[in-house]
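Since the structure comes first, as structure tokens, the remarks are kept for the end.
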Number of protein chains: 2
Amino acid sequence: MFVPSTLKDIASALGYSTSTISRALRDTYEISPETKKIIREYAQKINYRPNPIALSLKERRSKSIGVVVAEVANHYFSQAINGIESIAYDRGYHVIITQTHESYEREKINIQHLASRSVDGLLVSLSAETSDTAHLQDLHQKGLPMVFFDRITEDIVTHKVIANNEKGAFEATEHLIHQGYRRIAHLTSSAHLSISIERLDGYKKALAKHDIPFEQDYVKYCPHGGMFYQETENAVKELMNLKEKPDAIFVAGDRLSIDCLMVFKNLNIKTPQDIAITGFSNSDVLDLMNPSLTSIRQPAFEMGQIATQMLLKVIESKYPVYDFEKKVLDTSLYVR
Amino acid sequence: MFVPSTLKDIASALGYSTSTISRALRDTYEISPETKKIIREYAQKINYRPNPIALSLKERRSKSIGVVVAEVANHYFSQAINGIESIAYDRGYHVIITQTHESYEREKINIQHLASRSVDGLLVSLSAETSDTAHLQDLHQKGLPMVFFDRITEDIVTHKVIANNEKGAFEATEHLIHQGYRRIAHLTSSAHLSISIERLDGYKKALAKHDIPFEQDYVKYCPHGGMFYQETENAVKELMNLKEKPDAIFVAGDRLSIDCLMVFKNLNIKTPQDIAITGFSNSDVLDLMNPSLTSIRQPAFEMGQIATQMLLKVIESKYPVYDFEKKVLDTSLYVR
DNA sequence: AACACCTACGGCAACGATTGCGTATTTATT
DNA sequence: AATAAATACGCAATCGTTGCCGTAGGTGTT
């Protein structure tokens, strides 16, 4: 079976105590240079590595951070993860990624596991199903550092990183308006998500600015954030079956945007002839899509980096942190 | 700071020894029902969870498995990861995902970390840069269970799960031949990867069957598996600059296929007018692509599941395992 | 010469949970 | 009544590592 070598192995092989070995390898002044040399060469030879599990137990920290996202097969999240890793690795932290698949239950289990697994902190983007954040509040109040990004909650006072969703949604909607569309629908994720609320606001403000009345019927929610194709198809069908059929649609999510295009394809809805579309998406292959998609892109990589920097600052702070920041980054509009 | 409650906390709160607490919670017969009740209710109240780090240290296993893939932003891998998680989760194992970004150095670091972090086993798909597997052979020979999937090596005797790459490549190439193409190029990842070799074989066999001579100039390698756009663009340019320009191209990778389409778009190469294309890809949005892409799809989710089942069988075996299997799953051709 | 003071290392405890063994008290058996 | 057996718990070791304390032998000081 797989048994890595330990301090004890070196100690009994060389006839020293484990303390001496440990000190020699950690370069303490108390060990003579000759002894150090012997010990180090032997450690090198047998490829000794300190057991991080033992260290975690002793030091009560693991030099690792947990990440909670909806799914990695989402360009926004995979880019954010790359940003997270770029900072974490530089600072000697390891990254444990977990997926909720937009499920509240899964989120609770993953977070519980990460916490008990002694991650030093958490980077969280809430699942579409999550409205109750008690599981997080509990851990946060016990002192586990956490930073929210993208899908945040106001219930927990900590660092947060988001895109300027309202402005992005405003620009996307106004882009449609400038192109002459007036009956603009809005397809979004679950109603309680922060991003849904903010993007809905931006959408409403764009309508208001151009004196277009807001119609509740034009807003369709996908409580599972488009995890099920049927959910998206039903929403689109409902929109297309309205007596006053929309002539454009603003989609508020990465997965949702792609799914929406697939629904169009399957229902043989042509864009922009039958309906125009813009949406939030970080997919790098949108240029290849047909129907094409004018998109609002979030600085995902950078958001991951900033969130990680904030988290590490809290983790490594000697004193409790009470001063928190909400960082808002601008989106950009890619017209296609 | 964040300090979870321990057995000792319960013990001193209730006036028992830690042994009694431990046994009460683990339902040993030696503890009286009344005592158990008291202890359990208190544990429930303070939301006690056994510290997995301490357990890992003692039991020398972590109930977690490490996964090494090129990148999660790749539909083949993200689907495989979902398959892995579906099995691991059911069996009480946790999954730690790491990305190599096709870098050999990163692969070595990730694997070293996973091993020392006491994962019970490894699911590995090699990076495009990796030709030397000494870092894995070392761990494997020391007894760390590992299963390879997709990009495998023959240097290590263990379970392996792959798609029938040769057959898939054969079908893809023959599909092009059946459509009347004769000058068929082949764009692939780094030359030493198992998938590259197998797919090249299938490509050659299809040519041979139809009496089309194989031309070395028609095969272009991307040593970094398409991690850099320029690499792909250069390869495509080289193909298009040949005096006998190819009329079709068979692309041997998920990322590569998408990148190739982007190159076409940027260089204003029309398909299928200028050149036809088929490629390996598990992207679920290929239907939306323009130019479109006839694709060979691997059963990624299932491959992840099977690899995980194999790994857990090795991990949980009481005796050393010497009997290994190479499972080959069929691909499917999606004509577009 | 008597003392302090280094040098270079060893021993022990602790982190949290489990477990084999020991044991005091009660209950059952003959 | 004496002995055996069962009950219900505590003690201590263990996993790998580090930190505090101790100390034998050597060196330096006055």
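Below, each value reflects all heavy atoms present in this structure, side chains not excepted, and no hydrogens, waters or symmetry copies. Here is the naming used below: chain letters follow the sequence lines, and residue numbers restart at 1 for every chain.
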- prompt: Which nucleotide, C:dC15, C:dA17, C:dG11, lies nearest any side-chain atom of B:L7?
  reply: C:dA17

task: Nearest whole angstrom, please: distance from the C1' of C:dA14 to the CG of B:N51.
output: 14 Å

- line: Residues in residues 29-50 of chain B with a heavy atom under 4.0 Å of DNA chain C, by number, are B:Y48, B:R49, B:P50

field: Boundaries of the DNA chain D segment in contact with chain A, non-hydrogen, under 4.0 Å
entry: D:dC15 to D:dC20

task: With sequence neighbours left out, write down each residue that passes ring-ring contact (aromatic ring centres under 6.0 Å, His included) with A:H140, or none if nothing qualifies.
output: none

statement: Comparing nearest nucleotides in DNA chain D, the 5'-proximal residue of the pair B:G15, A:K8 is B:G15

- prompt: Residues two or more places apart in sequence or in another chain: which of them pass ring-ring contact (aromatic ring centres under 6.0 Å, His included) with B:H192?
  reply: none

Side-chain N or O of B:S22 closer than 4.0 Å to phosphate OP1/OP2 of C:dT18: yes

- prompt: Any donor-acceptor pair under 3.5 Å linking the side chain of B:T100 with the backbone of B:E71?
  reply: no

task: Nearest whole angstrom, please: distance from the C1' of C:dG16 to the CG of A:L55.
output: 15 Å

- line: Winner on side-chain proximity to B:L57, out of C:dA14, C:dG16, C:dA17, is C:dG16

query: With a 3.5 Å cut-off and just heavy-atom distances, do the side chain of A:S17 and the base of C:dG11 make a donor-acceptor pair?
result: no

- request: Name all residues meeting the side-chain hydrogen bond (donor to acceptor under 3.5 Å, both in side chains) criterion together with B:S62; count only those two or more places apart in sequence or in a different chain, and write none if there are none.
  value: B:S64, B:D120

task: For B:K8, enumerate each residue passing the salt bridge (charged side-chain N to carboxylate O under 4.0 Å, His left out) test, keeping only those at least two apart in sequence or located in another chain.
output: none

query: Rounded to the Å, how far apart are A:E59 CD and C:dG16 P?
result: 13 Å

message: According to ring-ring contact (aromatic ring centres under 6.0 Å, His included), who are the partners of B:Y89, at least two apart in sequence or on a separate chain?
response: none

Minimum-distance nucleotide (side-chain atoms of A:Y16 versus C:dA14, C:dC9, C:dC12): C:dC9

query: Does a nitrogen or oxygen in the side chain of A:R23 sit under 4.0 Å from OP1 or OP2 of C:dC9?
result: no

message: By the 4.0 Å heavy-atom rule, please label A:T6 as base, sugar-phosphate, or nothing.
response: sugar-phosphate

task: Could you check how far NZ of B:K58 sits from P of C:dT18, rounded to whole Å?
output: 9 Å

Of all pairs that satisfy salt bridge (Lys or Arg N to Asp or Glu O under 4.0 Å), the ones with a partner from residues 95-105 of chain B, not counting sequence neighbours: B:E102-B:R151, B:E105-B:K108

query: Do the charged groups of A:E154 and A:K326 touch, with an N to O distance under 4.0 Å?
result: yes

- prompt: Quick one: ring-ring contact (aromatic ring centres under 6.0 Å, His included) partners of A:H113, sequence neighbours excluded?
  reply: B:H94

